[in-house]
Chemist: 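Starting off with a structure, shown below.
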Amino acid sequence: MPRRLLVTSALPYANGAIHLGHLVEYIQTDIWVRFQRMQGHEVTYVCADDTHGTPIMLRAQSEGITPEALVERVYGEHTRDFFGGEEALRSGKLGGFLVSFDNYHSTNSPQNRAFCEDVYTQLKNAGLIQIRSVEQFFDPVKSMFLPDRYIKGECPKCAAKDQYGDSCEVCGSTYSPTDLKNPYSAVSGAAPVRKASEHHFFRLSDPRCESFLRQWTQGGEHVQSEAGNKLKEWLGEPGENKLADWDISRDPPYFGFEIPGTDGQKFFYVWLDAPVGYFGSFRHYCERVGKTQAQMDAYLRPGSDTELVHFIGKDILYFHALFWPAMLEHAGYRTPSKVFAHGFLTVNGEKMSKSRGTFITARSYLDLGLNPEWLRYYYAAKLGATMEDIDLNLDDFVARVNSDLVGKFVNIASRCAGFLSKRFGGVLAETDAGASEVMALLAQSAQTVATHYEDREFGKAIRRIMELADAANQYVDAQKPWELAKDPANAPRLHAVCSTAIGFFRVLTLYLKPVLPRLAEQVEDFLNIAPLSWSDAQRTLPAGHRIDDYKHLMTRIDTKQVAALVDANKESLQPTPAPSPARHAEQQQHAEKPAASAHINIDDFAKVDLRVARIVNADHVAGADKLLKLDLDVGVLGTRTVFAGIKSRYDPEQLKGRLTIVVANLAPRKMKFGTSEGMILAASDDSGGPFLLAVDDAAKPGMKAK
RNA sequence: GGUGAUGUAGCUCAACUGGUUAGAGCGCCACACUCAUAAUGUGGAGGUUGAGGGUUCGAGUCCCUCCAUCACUACCA
């Protein structure tokens, strides 16, 4: 009974180039999809560019073009990287990284708009949309609200200049934009002002969502067990109400879809229409190939036996395993059958780095003439079903591909084909009866390899296939066709041995076909056979079948090519793209953290305003395990309220009246129990603490410590 | 600070619910072979399984502590 599957990869954001980190996902998905097709299942694999949001809008502005024009250009780039672009589709010969989408679309489409409006309306009818006022930074020059990443300023912790509103690239601390000192808009440079606006929220905290998600995420049915654990953490214990409502609206100017009934005053947040874009792309596909509404509904509405499978990176698990299923469930759509999360890509054991040249774009890889199937093979060999990161070790990449693919696999054909074409006119003989054991091993492995592919244990599949390739080489070695060739009397034996080895090669090709589709096609041409499907593993080529002359199928990777690749991606050789404020389907956005320098100078130290303070009042904080609330007299600077994590050692009563040191110019920090307006200094290490600093009695509150 | 994950030969990875001398591929060394765009075969060296404790007849596998890396998170302000 063929399964019917709708499979997706996360939508890449339309403001940047595809890189090797992205490709892990598209290659993983494509291998799985191609495997399912070989099984005879009905698979529809859709994806799209994720096109909306502030970053796209601003980038288009800075380039002096419309967002639509930007999005169209990037669409061209992405599709060219993935599968060779439109022209490849027309010719039927995929290029790029050979990703076999059935449809690649855009979130900026009428199909997607219709789904977004419908999902929103259904959620609203279900009482799951709430409107609340939210105060945010606003750029008075540009007349627009600023996402966190567009507010820059000095890091509240280390005072580094020009840091983003969410985290400091110098000291690595995270904070909210309101903590920044001297904030300014990264768009206009103006000082942002606080401004309130109505926002639409999806009420994820609603008990209906929570109870649904609790059962949906647990049990290992829809997500990997590790992901389930993570989700459990996010969900918290029943009654904890850890899920926060989700702000799904944005104010104009915004490149996106208008929220119905808001008169152009509210737009859908890009993260709402991104996952909905899976459906938009699918509808576009259905229209294109003439599917009926009923056929489409079989995939999108509850109650049918179709499967909806999402491949994503672990960084967007929250969206795909919480927001997305909860939205679908309450908007009358089916929920995903599976959400498969993978890990990040590291290169040579480290985060991809522009300065090291390991932030490698798909385009540079292809343009330098590297074979996409090398990378597909290497990723396959490294991929498993978990969310663990995978490492692209460039030396290992070269060694692995060269020895496995060229040395072992392709070599089997190469070493026998010459005899067949020169001595026997390319006509195959009966297979060698003496090889039945190896033959059986090959055929019987179909199930094992299939299970590994199905379970996304591609590394295990590859290992098994290479064991089989070893067995095939051992067979050839034992039969020594080159010796048989010396005596014409041995011709029948030589014929059988080479035919048998070619038969082995055919089965190995079949097993590798999901990973190496182009090579498999070349082999199918070479062998004069119809496209291989999984069940062909149980058959052999008949005697008398004629194959073509062998043309070499794959070259080895030259280390120089890899060196050139790294070189071409060195940051100095290319303009630095603006950091992406929204991550979406992007992975690898983590910036490297430069090591903090060992010394600071006197000016750095002077930035810290240390003052003597008198604790005029100290109180327990209801519900807090570690915090005390302190009222400080800081002399000329007035009074401050500070929360300090010193409850474990100090009784509020004994603190009253004593002098200590406070960091007076630390940005106010909003904490769970109130805002802390400074920081008390205390010493601690593993052996004990915290111990408050003491100040001699003669000191006066407000005195500067230096 | 908390939680979770990871840490196994030079490299990349295995080892089901704890069970015989911890495996494989690559690389390396030796030998063999020469059909194959130096590919292949056979054999070998190489690990106190991050460190230290503990449970057990027996631990890479379970428990505790520590170290390192990564991720998430916070009442470290």
Side-chain angles (χ1 to χ4, degrees), chain A residues 156-157 173-175 179 226 229-230 232-234 242 314-315 317-318 343-344 346 348-351 378 381-382 384 386-404 406-420 422-423 457 459-460 462-464 466-467 469-470 472-486 494 497-498 501 550-556 590 621 623-629 640 642-647 662-663 665-682 684 686 689-690:
Chain A
K157 196 160 190 173
S173 59
T174 56
Y175 40 80
D179 300 333
E226 336 145 55
N229 291 339
K230 180 81 351 199
K232 209 171 186 169
E233 206 179 304
W234 284 331
K242 286 187 96 173
K314 64 181 179 183
D315 55 334
L317 184 67
Y318 203 101
F344 296 138
T346 55
N348 290 339
E350 300 182 86
K351 283 176 184 168
Y378 190 74
K382 300 296 285 273
T386 69
M387 304 201 299
E388 274 177 68
D389 293 355
I390 70 165
D391 184 47
L392 166 59
N393 179 297
L394 293 172
D395 292 333
D396 187 49
F397 170 61
V398 172
R400 186 96 184 229
V401 168
N402 286 349
S403 73
D404 284 4
V406 183
K408 286 184 179 174
F409 166 62
V410 163
N411 186 238
I412 296 165
S414 168
R415 67 194 307 198
C416 294
F419 292 119
L420 286 169
K422 280 178 206 142
R423 305 284 185 106
E457 293 288 0
K460 289 186 177 147
I462 294 296
R463 214 169 301 130
R464 179 57 174 260
M466 284 306 132
E467 274 172 38
D470 285 340
N473 272 312
Q474 283 158 16
Y475 167 79
V476 175
D477 212 68
Q479 300 308 315
K480 305 193 188 324
W482 56 94
E483 280 186 11
L484 296 173
K486 287 171 186 163
L494 173 67
V497 166
C498 291
Y550 174 79
K551 291 188 285 276
H552 80 272
L553 292 163
M554 185 174 274
T555 57
R556 305 170 73 80
H590 319 278
V621 181
D625 300 329
K626 298 182 185 168
L627 290 181
L628 292 182
K629 184 182 177 205
R640 298 284 182 88
V642 166
F643 288 87
I646 55 171
K647 179 177 175 177
V662 65
V663 182
N665 63 342
L666 191 63
R669 173 72 166 190
K670 194 161 170 288
M671 298 173 70
K672 186 172 177 182
F673 305 100
T675 301
S676 185
E677 302 167 324
M679 183 166 79
I680 295 288
L681 299 186
S684 66
D686 297 344

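The chains referred to below are lettered A, B, ... by the order of the sequence lines, with proteins before strands, and numbering in each begins at 1.
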Chemist: Only pairs with both distances under 3.5 Å count, Watson-Crick or wobble alike; so what is the partner of B/U56 in this structure?
Modeler: none
Chemist: Pick the C1' atom in B/G60 and in B/G52, then give their distance to the nearest Å.
Modeler: 16 Å
Chemist: Between B/U12, B/G25, B/A77, spot the one nearest the side chain of A/Asp391, thanks.
Modeler: B/U12
Chemist: Any side-chain N or O of A/Gln474 below 4.0 angstrom from OP1/OP2 of B/U42?
Modeler: yes
Chemist: Please report the distance separating the C1' of B/A9 from the corresponding atom of B/A45, rounded so that it comes out in whole Å.
Modeler: 11 Å
Chemist: Both distances under 3.5 Å, Watson-Crick or G-U wobble: report the partner of B/U40, or none.
Modeler: B/A32
Chemist: Roughly how many Å is it from CH2 in A/Trp482 to P in B/U40, rounded to a whole number?
Modeler: 12 Å
Chemist: Of A/Thr555 and A/Asp389, whose nearest nucleotide on RNA chain B comes first from the 5' end?
Modeler: A/Thr555
Chemist: Taking the P atom of each, how far is B/U48 from B/A22, in whole Å?
Modeler: 12 Å
Chemist: Starting the side chain at C-beta, find the nucleotide from B/G41, B/C72, B/A77 nearest to A/Leu627.
Modeler: B/A77
Chemist: By the 4.0 Å heavy-atom rule, please label A/Ala644 as base, sugar-phosphate, or nothing.
Modeler: sugar-phosphate
Chemist: Take atom P in B/G44 and the same atom in B/G23, then report the distance between them in whole Å.
Modeler: 13 Å
Chemist: Going by purine N1 to pyrimidine N3 plus the second Watson-Crick contact, or the G-U wobble pair, all under 3.5 Å, which nucleotide sits opposite B/A22?
Modeler: none
Chemist: Given side chains that start at C-beta, do those of A/Lys480 and A/Val497 come closer than 4.5 Å, heavy atoms only?
Modeler: no
Chemist: Is there a side-chain contact between A/Asp315 and A/Phe344 in this structure, where contact means two heavy atoms from C-beta onward sitting under 4.5 Å apart?
Modeler: yes
Chemist: For A/Ala485, does its backbone N or O pair with a side-chain atom of A/Arg423 as donor and acceptor, under 3.5 Å?
Modeler: yes
Chemist: Starting the side chain at C-beta, find the nucleotide from B/G25, B/U34, B/A36 nearest to A/Lys486.
Modeler: B/U34
Chemist: Looking at A/Lys351, does any N or O in its side chain come under 4.0 Å of the phosphate oxygens OP1/OP2 on B/A71?
Modeler: yes
Chemist: Tell which nucleotide pairs with B/G47, taking only Watson-Crick or G-U wobble pairs whose two distances are both under 3.5 angstrom.
Modeler: none
Chemist: Counting the atoms with a prime plus P, OP1 and OP2 as sugar-phosphate, which does A/Gly418 contact under 4.0 Å by heavy atoms, base, sugar-phosphate, or nothing?
Modeler: nothing
Chemist: When you measure from the side chain of A/Glu388, which nucleotide among B/U6, B/U34, B/A71 comes out closest?
Modeler: B/U6
Chemist: Expressed as a whole number of Å, how far does the P atom of B/C57 sit from that of B/A51?
Modeler: 25 Å
Chemist: Return the value, rounded to whole Å, for the distance between atom CD of A/Glu226 and atom P of B/A71.
Modeler: 16 Å
Chemist: Could you measure the distance from the CG atom of A/Asp389 to the NZ atom of A/Lys351? Nearest 0.5 Å is fine.
Modeler: 9.5 Å
Chemist: To the nearest Å, how far apart are A/Met387 CE and B/C72 P?
Modeler: 11 Å
Chemist: From CG of A/Asp477 over to P of B/A36, roughly how many Å is that when rounded to an integer?
Modeler: 14 Å
Chemist: Compare all side-chain heavy atoms of A/Leu317 with those of A/Lys230 and state whether any distance is below 4.5 angstrom.
Modeler: yes
Chemist: Between A/Lys382 and B/C13, is there a side-chain N or O to OP1/OP2 distance below 4.0 Å?
Modeler: yes
Chemist: Choose from B/A77, B/A36, B/C13 the nucleotide whose nearest atom is closest to any side-chain atom of A/Val642.
Modeler: B/A77
Chemist: My understanding is that a pair needs two contacts under 3.5 Å, Watson-Crick or G-U wobble. By that rule, which nucleotide pairs with B/C72?
Modeler: B/G2
Chemist: So what does A/Lys408 touch, heavy atoms closer than 4.0 Å: a base, only the sugar-phosphate, or nothing?
Modeler: sugar-phosphate
Chemist: For A/Asn411 and B/U34, what is the distance between atoms CG and C1' respectively, to the nearest whole Å?
Modeler: 12 Å
Chemist: Given the rule in the side-chain hydrogen bond (donor to acceptor under 3.5 Å, both in side chains) test, do A/Asn393 and A/Arg400 qualify, once you have shown the distances and angles that lead to the verdict?
Modeler: CA-CA 10 Å; A/Asn393 179 297; A/Arg400 186 96 184 229; over 6 Å; no
Chemist: Output the rounded distance in Å from NZ (A/Lys460) to C1' (B/A14).
Modeler: 8 Å
Chemist: With a 4.0 Å cut-off, would you call A/Lys408 and A/Asp470 a salt bridge?
Modeler: yes
Chemist: Which base sits across from B/G7 as a Watson-Crick or G-U pair, both distances under 3.5 Å?
Modeler: B/C67
Chemist: Between B/C13 and B/G47, how far is it from one C1' atom to the other, in whole Å?
Modeler: 14 Å
Chemist: A/Trp234 side chain: which of B/C72, B/U34, B/G41 is closest?
Modeler: B/C72
Chemist: Look at the side chain of A/Asn393 and decide which nucleotide, out of B/C35, B/A77, B/U12, has an atom nearest to it.
Modeler: B/U12
Chemist: Check whether any side-chain heavy atom of A/Tyr550 sits under 4.5 Å from a side-chain heavy atom of A/Val410, and report yes or no.
Modeler: yes
Chemist: Indicate syn or anti for B/A38, taking the glycosidic torsion and treating anything within 90° of 0 as syn.
Modeler: syn
Chemist: I'd like the P distance from B/A5 over to B/U21, given in whole Å.
Modeler: 29 Å
Chemist: Between A/Phe344 (CZ) and B/C70 (C1'), how many Å, whole number?
Modeler: 10 Å
Chemist: Taking for each residue the nucleotide of RNA chain B with the nearest heavy atom, is it A/Leu553 or A/Ala399 whose nucleotide lies nearer the 5' end?
Modeler: A/Ala399
Chemist: Which whole number of Å gives the distance between the P atom of B/U8 and that of B/A14?
Modeler: 10 Å
Chemist: Please give, in whole Å, the distance from B/C35 P to A/Tyr550 OH?
Modeler: 17 Å
